[in-house]
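Numbered from 1 within each chain, the chains take letters A, B, ... in sequence-line order.
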Amino acid sequence: MHFNEFDLHDDLLQAVDSMNFQQATPIQEMAIPRILQGKDLIACAQTGTGKTAAYLVPILNSIATHPQEHISTLIIVPTRELAQQIDEQVQGLGYFVNATSIAIYGGTKGPEWDQQRKALTQGADIIIATPGRLMAHMQLGYVRFDQLRHLILDEADRMLDMGFLGDILKIMSQIPAQRQTLMFSATMPPKIRELAKRILQEPEEIQLSVSKPAAGIDQQFYLASDQQKLPLLVHLLKKVNTPSMVLFTSRRSSVDSIVRALGRLGYDAYGISSDSEQSVREVVLRDFKNRKFPILVATDVLSRGIDIDNLSHVVNFDVPRDPEDYVHRIGRTARAETTGTAITFINQDDQPRVLRIERLLETVVEKQAITQQLGLGEAPAFAPRSAKGNGSGDRKRSGKPSSNARSGAPTAARNPDKPAKKRSPRRNRPRKSPSAPTSSAPQDSSPS
DNA sequence: AAAAAAG
């Protein structure tokens with residue numbers, strides 16, 4: 001279905017056109033008409049499917065057709081980077097409708113607080129906020145949501161994981177009951193169902209292939225001890241011409257040491273975690289998106305929703321403890337129906353988690369053991385003790401439980417169906433995000 | 001045994 005088949009305001013069609021949106025993705029095709037009708041919605045969709053535009057387009061349509069003075073839309077998200085990214089999308093799509101927006105989040109030291117207060121008092125069409133900072137403003141009493149018509153909870157399952165339920169309910173208690181509410185969640189656990197029941201009215205429900213990675217991702221598992229991981233990574237990097245790689249690690253404390261180790265090996269890498277200063281987080285992410293350096297080392301702060309064009313690789317330096325996070329991490333690549341490679345290093349301790357991931361994916365991925373032939377010593381054997389978790393006995397065991405050291409052949413673990421069509425959405429953003437400071441590449445990770 | 005978010 002083409003975008004101009006939706007019943008959209010002329011200005012918005014122009015915006016959609018300027019962004020070169022043509023064919024709607026499945027989630028957009030399903031969500032846009034229902035949101036246009038004013039229905040509440042609960043949608044379960046993998047990231048990288050055009051989820052954000054699926055709600056921004058109809059919301060902006062509502063703003064174009066019924067302009068109002070004060071805030072019409074509140075979008076709540078779990079991380080600051082996601083808030084900023086959505087704000088940038090609003091800037092692009094909202095340009096021709098003259099929609100105003102602001103991202104509201106904490107961690108900043110500059111004039112942001114006053115800018116945020118001003119937007120909240122004098123009005124902006126769309127507010128994109130992380131819960132903590134929004135609450136802080138609300139407690140000061142000047143935030144008015146009396147004209148609010150649309151509330152969106154994005155990455156709702158993540159927000160509950162992060163303990164935001166109380167904040168969300170408190171925020172919701174101060175916005176009109178007469179409103180449209182949209183919930184987007186990667187998964188649909190009972191807690192999400194409960195919340196949906198509580199805050200949605202006769203919701204439409206959209207389910208899109210739950211927890212399955214995109215078809216274009218080539219998943220590769222390598223057995224490696226902690227000492228072998230870095231040299232193995234270097235070996236794999238040598239085979240790539242111009243890598244654009246996000247390397248995930250589960251610990252904030254490892255980000256810096258990996259960045260420094262890569263620096264010593266001559267790779268230009270920078271890191272992001274909640275330990276980084278917010279201004280550094282922003283500059284590093286922007287510079288990485290602009291391909292100013294090839295390797296970004298990050299914690300799971302970036303595992304959800306963050307959109308990076310043409311990311312060639314995701315590397316899991318360790319296996320995430322939550323199998324859902326694996327799907328989210330590797331979903332940073334092969335977005336918008338392109339292709340990408342997801343490499344996961346598995347040491348002895350990581351192995352039970354691998355079984356849980358494979359159970360979630362309903363796929364067994366070949367465990368490659370190539371460290372020996374690279375002269376890095378013997379790889380850890382793949383012999384997971386167990387995959388602690390729910391006691392259901394349907395656990396699938398890997399067909400090849402032990403290390404088959406001679407198989408250097410690339411694994412065949414991509415999802416079988418769907419050819420990887422390339423769509424390459426050309427984004428000529430009509431207006432730049434107003435808040436982006438321009439400065440040069442970050443300065444703090446050269447070899448010491 | 002982690003991560004994120006308010007300061």
Separation of B:dA3 atom P from A:I272 atom CD1, nearest Å, is 16 Å

Closest to the side chain of A:R252, out of B:dA2, B:dA4, B:dA5, is B:dA4

Below 4.0 Å: OP1/OP2 of B:dA4 and any side-chain N or O of A:R304:
no

A:H137 NE2 to B:dG7 P, in whole Å, measures 9 Å

Applying salt bridge (Lys or Arg N to Asp or Glu O under 4.0 Å) to A:D275 and not counting sequence neighbours gives A:R252

Per atom distances to the A:S274 side chain, the nearest of B:dA4, B:dA2, B:dA5 is B:dA4

**Message:** With a 4.0 Å limit, can you tell me whether A:T299 has a side-chain N or O closer than that to the phosphate oxygens OP1/OP2 of B:dA4?
**Reply:** yes

* Between A:R304 (side chain) and A:H328 (backbone), is there a donor-acceptor pair under 3.5 Å? -> no

Applying salt bridge (Lys or Arg N to Asp or Glu O under 4.0 Å) to A:D350 and not counting sequence neighbours gives A:K229, A:R353

To the nearest angstrom, the CD1-C1' distance between A:I76 and B:dA4 comes to 16 Å

Side-chain contact check for A:V301: nearest option of B:dA4, B:dA1, B:dA6 is B:dA4

Separation of B:dA4 atom C1' from A:E277 atom CD, nearest Å, is 17 Å

Verdict with reasoning, A:Y270 to A:F288, per ring-ring contact (aromatic ring centres under 6.0 Å, His included): CA-CA 9 Å; A:Y270 295 89; A:F288 181 68; 9.8 Å; no

Taken to the nearest whole Å, CZ/A:F317 to C1'/B:dA2 is 17 Å

Reckon A:G163 touches a base, only the sugar-phosphate, or nothing at all at heavy-atom distances under 4.0 Å? nothing

Original post:
Does the side chain of A:R281 get closer than 4.0 angstrom to OP1 or OP2 of B:dA4 through an N or O atom?
Top reply: no

Between CH2 of A:W113 and P of B:dG7 the distance, given in whole Å, is 8 Å

To the nearest angstrom, the NZ-P distance between A:K109 and B:dG7 comes to 10 Å

query: For A:L120, does its backbone N or O pair with a side-chain atom of A:H137 as donor and acceptor, under 3.5 Å?
result: no

Here the distance between atom P of B:dA4 and atom CZ of A:R80, to the nearest Å, is 10 Å

The nucleotide from B:dA3, B:dA6, B:dA4 with an atom nearest the side chain of A:R251 is B:dA3

